[in-house]
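Report on the structure given below.
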Number of protein chains: 2
Amino acid sequence: MGATKTALFTKEQNEIALMAKALAHPARIAILQHLVKKNACVCGDLVEELGLAQATTSQHLKELKTAGIIQGTIEGVSVCYCIHPDTWKKYKDLFSSFFTEVDLCGPKCC
Amino acid sequence: MGATKTALFTKEQNEIALMAKALAHPARIAILQHLVKKNACVCGDLVEELGLAQATTSQHLKELKTAGIIQGTIEGVSVCYCIHPDTWKKYKDLFSSFFTEVDLCGPKCC
DNA sequence: ATATTATATCGTAAAATTACGATGAATAGG
DNA sequence: CCTATTCATCGTAATTTTACGATATAATAT
């Protein structure tokens with residue numbers, strides 16, 4: 001018990017859920033918004049910006065990186081992070097199509 | 001430790017994260033897709049559809065209900081669930097505006 | 001070479017999530 | 001009234017997430 005039963009669901013359902021999971025923490029939303037605003041920034045900036053410990057911030061960055069939404073490039077001692085444009089577009093499209101499915105739903109509900 | 005530090009983030013950041021959390025499980029995506037497709041259905045249908053235990057299905061329904069995305073109406077012995085149109089639209093708009101923020105991001109990244 | 005800086009990773013504790021059986025509550029049908 | 005049906009809730013175990021201090025790594029600076 002305790003583990004998500006991935007095998008029961010379609011590839012698309014699992015994919016949407018994984019994308020949502022990547023966005024399911026305010027720190028990660030804040031990171032993405034900051035990256036959008038500044039176009040790019042180093043990890044240290046985000047530690048200050050978020051107010052979380054360096055280890056915690058790094059952990060959130062790793063999750064976003066694993067999900068493919070951001071990318072990091074080593075710049076000397078620092079690591080410069082920015083949005084990964086292709087994956088971002090993929091996320092946008094998948095969520096968009098998921099939500100527009102429901103425009104077909106009429107006003108008559110139970 | 002272990003609890004999300006909500007106080008560090010803006011209302012909007014927390015709100016987006018909560019929405020994403022509601023969608024961050026394939027079973028809940030499957031429930032929403034089924035509701036969209038059938039317009040409405042009772043809990044028992046979803047238990048069959050998902051292949052999860054009745055208690056687990058009911059738990060996922062509760063989370064979607066708490067998030068406001070669905071609503072349930074008692075119909076005799078059963079409970080009929082359907083999408084809550086207003087909240088759905090709110091979700092759609094919030095995600096949409098969150099993602100379009102980044103269209104401003106140029107191609108030059110680090 | 002050594003010290004400094006920036007980041008990642010490890011270890012770990014607390015908390016939340018996921019899942020299910022068992023039980024409870026409410027309604028319908030006999 | 002009694003039984004069956006449908007769903008919610010309780011209790012609980014396994015797992016995952018969140019958070020942080022401590023430590024490791026890697027590059028720059030002195």
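Sequence lines set the chain letters: A, B, ... in the order given, protein chains first and strands last, and positions in each chain run from 1.
Atom CD of A:Glu75 is separated from atom P of D:dA27 by 14 Å (rounded to the nearest Å). Between the C1' atom of D:dA19 and the CG atom of A:Leu46 lies a distance of 17 Å, rounded to the nearest Å. The CG-P distance, from A:Leu61 to D:dC20, rounds to 14 Å in whole Å. For the pair A:Glu48 CD and C:dT7 C1', the interatomic distance rounds to 15 Å; values are reported in whole Å. Rounded to an integer number of Å, the gap from CG of A:Leu50 to P of C:dT7 is 13 Å. Atom CG of B:Asn14 is separated from atom P of D:dT18 by 13 Å (rounded to the nearest Å). Atom CD1 in B:Ile31 sits about 14 Å away from atom C1' in D:dC7, given to the nearest Å. Straight-line distance from the CD1 atom of B:Ile29 to the P atom of C:dT18: 12 Å, rounded to whole Å.
At a threshold of 4.0 angstrom between heavy atoms, the contacts of A:Val42 are confined to the sugar-phosphate backbone, with no base atom among them.
The aromatic rings of A:Phe9 and B:His25 sit perpendicular to each other, their planes meeting at more than 60°, with 30° as the lower class boundary. Ring planes of A:Trp88 and B:Phe98: tilted class, angle from 30 to 60°.
Residue-to-nucleotide proximity on DNA chain D shows that, of A:Ala3 and A:Ala24, the 5′-proximal contact is made by A:Ala3. In terms of position along DNA chain C, the nucleotide closest to A:Thr4 lies nearer the 5' end than the nucleotide closest to the other residue of the pair B:Gly76 and A:Thr4. Map A:Gly2 and A:His25 each onto its nearest nucleotide of DNA chain D; the residue landing nearer the 5' end is A:Gly2.
A close approach under 4.0 Å does not occur between any side-chain nitrogen or oxygen of A:Lys21 and OP1 or OP2 of D:dT16. Phosphate contact (OP1/OP2 of C:dT17, side-chain N/O of B:His60, threshold under 4.0 Å): absent. Contact check, B:Tyr81 against D:dA8: a side-chain N or O comes under 4.0 Å of OP1 or OP2. In this model, the phosphate group of C:dC20 is approached by a side-chain N or O of A:Lys5 to a distance below 4.0 Å at OP1 or OP2.
Here the closest heavy-atom approach between residue B:Phe99 and residue A:Leu23 is recorded as CZ-CD1, 4.0 Å. A:Val47 approaches A:Gln54 most closely through the heavy-atom pair CG2-CA, 3.9 Å. Closest heavy-atom contact between B:Leu50 and B:Ala27: CD2-O, 4.0 Å.
Distance NE2/A:His84 to NZ/A:Lys89: 12.5 Å, rounded to 0.5 Å. Atom CD of A:Glu49 and atom SG of A:Cys41 lie 8.0 Å apart (nearest 0.5 Å).
In summary, A:Glu15 and A:Lys90 engage in a salt bridge, as defined by a charged side-chain N under 4.0 Å from a carboxylate O.
Checking C:dT9, C:dA8, D:dC7 against the side-chain heavy atoms of A:Lys62 singles out C:dT9 as nearest. Comparing C:dA8, C:dA19, D:dC20 by their nearest atom to the side chain of A:Met1 picks out C:dA19.
Using a 4.0 Å cut-off on heavy atoms, the residues of residues 51-59 of chain A that approach DNA chain C are A:Gln54, A:Ala55, A:Ser58, listed by number.
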